[in-house]
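Values reported hereafter were calculated over all heavy atoms of this structure, with side chains retained and with hydrogens, waters and symmetry mates removed. Residue numbering restarts at 1 for every chain, and letters A, B, ... go by the order of the sequence lines. Note that the coordinates shown come from a computational prediction; the quantities given were computed from them, not determined experimentally.
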Amino acid sequence: MSTSLSPLIHLIDDDEAVRSSLALLISTVGLRVQAWADPATFMTTFDRDSIGAIVLDIRMPGISGLSVLERLMSQNVDQPVIMLTGHGTVEMCRRAFKSGATEFIEKPVNDEVLIEALQSAVRQHVKSRERHHIDRAARERYAQLSEREREVLALIVAGLTNKEIGRALDVSPRTVETHRANLFTKLEARTLAQLIRHYANLVDETTA
Amino acid sequence: MLRRLIFINPLRYWFLAWCTLGTIGAITLAQQELTKLREAFETDARIAHRLLSQRAVQHEAILATLALLQPKHDASASVQKLSTLYPQILKVQRRDKNAPWAETSLTAAEVISRTTGRAALAEVDFQHERYQLLLSAEPASFALQMDLRAVVPWSEWPMPPQTSPVRVTLEHTGQTLTLQPGRINQGGWRFEFHKHLAADSQPFDVVAVRQVGWIELPWAWMLGWLIVVALSLIGLFAMARQRQQRLRAEELLRLGQIARLNTMGELAAGMAHEINQPLTAVLANTQAAVRLLSDRPPEIIAAQDAMAQAVDQARRASSVVTRLRRIIEKPNETKLPEAISLKEVVANALHLLEPELQRRGIATQMLPNEGVVTVMAEPIALEQIIHNLLMNAIQALEQVPLAERRLDLSIHADHGQGILVMTDTGPGIASDVLPRLFEPFFSTRTDGLGLGLSLCESLANRMGGQVSAATHTPRGASFYLRLPLGLA
């Protein structure tokens, strides 16, 4: 998986000089850069699974950076997008953030501002991918539970003791104990805290 | 804000307006004339009826007098004298008691007169303009033979009998006698008057007819009215068109100004982008170089490449600026200075700014000078300088109360230079601002571009002149424009 490599920054700007200089600047902090002159080529060919961020110039011939941004968002691209502009108006800035941009930086770019923004975007992306990954695994395990086990889990998450659960479900506390043991095995949780942290949301989702 | 142009109707609406107004006026005039004619006709007809009635009553009175006095047969001179007194009486006849009348019509009338107790008509012969009137009495009855035409009192008649357009007739049991022929035209309007004589013994019908022909309408007045309306509408049309043209010219001027501003804005935005791109590259390259050099060990080759790129991009930015200069300076190359009257240009600029000055209540005064000062200048550049200086003064004067806004202008010649002095009563110029006043992009206003006065200076310099400023205590400022004198 591409996560094992260092993060990849996609840089889209139609100006060759701007592109190469920004690419050089970004590479000095050890981030990999892939530079694109043409937004359309970028849209069709870039690696959507890679960890990293997208740096997008607003003013480009043919297609505006804002519409590229809107298309990326509509295609559920999860890489954070940093917009670059020569003369940012408030309106443009508002539109960019509304469309889902993470940052809005004015040209000429101050190196520290850009690098700080990129690093924070990458961190954010890594975290969101991890969370997403954990979520998916948890969902799969949760799907294996029987109906009764889900009920027990919901009551555990609600903070009830075995006795109380038995009373609520009209079974003996021993039976509850068995379900509880099965739950911990199936959901691969070692402690009660882990169980609650990873599955509380899922329980809320399904019972809601 | 767009001011709406007055919409001028097409020519046919103006024509329609002329037709409508013209017709209404003409009809009113015709109606007034007809009313006047009718009133005159009715008055005349009433008078004619009254005169004829008076005569008829007179005849009754004569017969009554004869019946009362009973004059002797034929012998009485007084009876024959009646004809001389009353020319309408042709003959007086008398029937003594138990004697017969000569004519049977008189005998029949005698019967009627006796039963009614008043005079009665015996024979009515309108063809020969005669009639006989009889009164039965004791012992003798009397009859008068009348000449109908002589009955009419022509001396008192209200109309000229030969030329009057009114036809007057007497009618009685199918007989008609034309007293006055009148003129009966074809078509038009017909006025009629019917009334019996106010004497029961002679129930003749007085009929007056007046036929007003088309020809009698007040055509001259009606035509005059149409012409007046046409001329007024032409005047209005001309005024409206003139106003529209003026508005259109103003609108064009305003649009031109907006277009120029837009072009300026576009140019500025374009320039900003063109310069910003290489600047971004320069900055990114140099910053990358700094980082590469501070690595341990420093990556000198990569840093050198980055710096070389930065140099290229700096050159690119510089070439953009050069290109801009060429674009801006080109249009003025061909203008040559010429001898122009400074006063005329000032008057022209003041005229253009008149609305601005009035709106802000600024009193301007041109101080008198001796003779005409002619300078060598490019007319457009000179206008631009004066315009900018005036605008500057207007903006300064906006900062002081209305009553204190004054702008004095004076022109004089000195040491081979024509000098225009513009003194305002504005807040004056701060001492730290004064030395920087003509610097490009220096402005004390937050929204000012800071190019107005700088442009004035560079334009004046190009024509071999100068612009300078002085501030006054407690306040106010003067701007001096000096230009080389031209040959008068």
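The number of heavy atoms from other shown groups lying within 6.0 Å of CG (B:Leu402) is above 12. Residue A:Arg71 places its CZ atom among 12 or fewer non-hydrogen atoms of other residues, nucleotides or ligands, all under 6.0 Å distant.
Contact annotation for B:Leu279: both backbone and side-chain heavy atoms come within less than 4.5 Å of a heavy atom of chain A.
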Give each N or O donor-acceptor pair spanning chain A and chain B at a distance under 3.5 Å, with atom names and distance to 0.1 Å, or state none.
from	atom 1	to	atom 2	distance (Å)
A:Asp15	OD1	B:Arg316	NH1	3.3
A:Asp15	OD2	B:Gln277	NE2	3.3
A:Asp15	OD2	B:Arg316	NH1	3.2
A:Asp15	OD2	B:Arg316	NH2	2.6
A:Ser20	OG	B:Gln309	OE1	3.2
A:Gly86	O	B:Asn276	ND2	3.0
A:Lys107	O	B:Asn276	ND2	3.2
A:Lys107	NZ	B:Gln277	OE1	2.6
A:Asp111	N	B:Gln287	OE1	3.0
A:Asp111	OD1	B:Gln287	NE2	3.4
A:Asp111	OD2	B:Arg291	NE	3.2
A:Asp111	OD2	B:Arg291	NH2	3.4

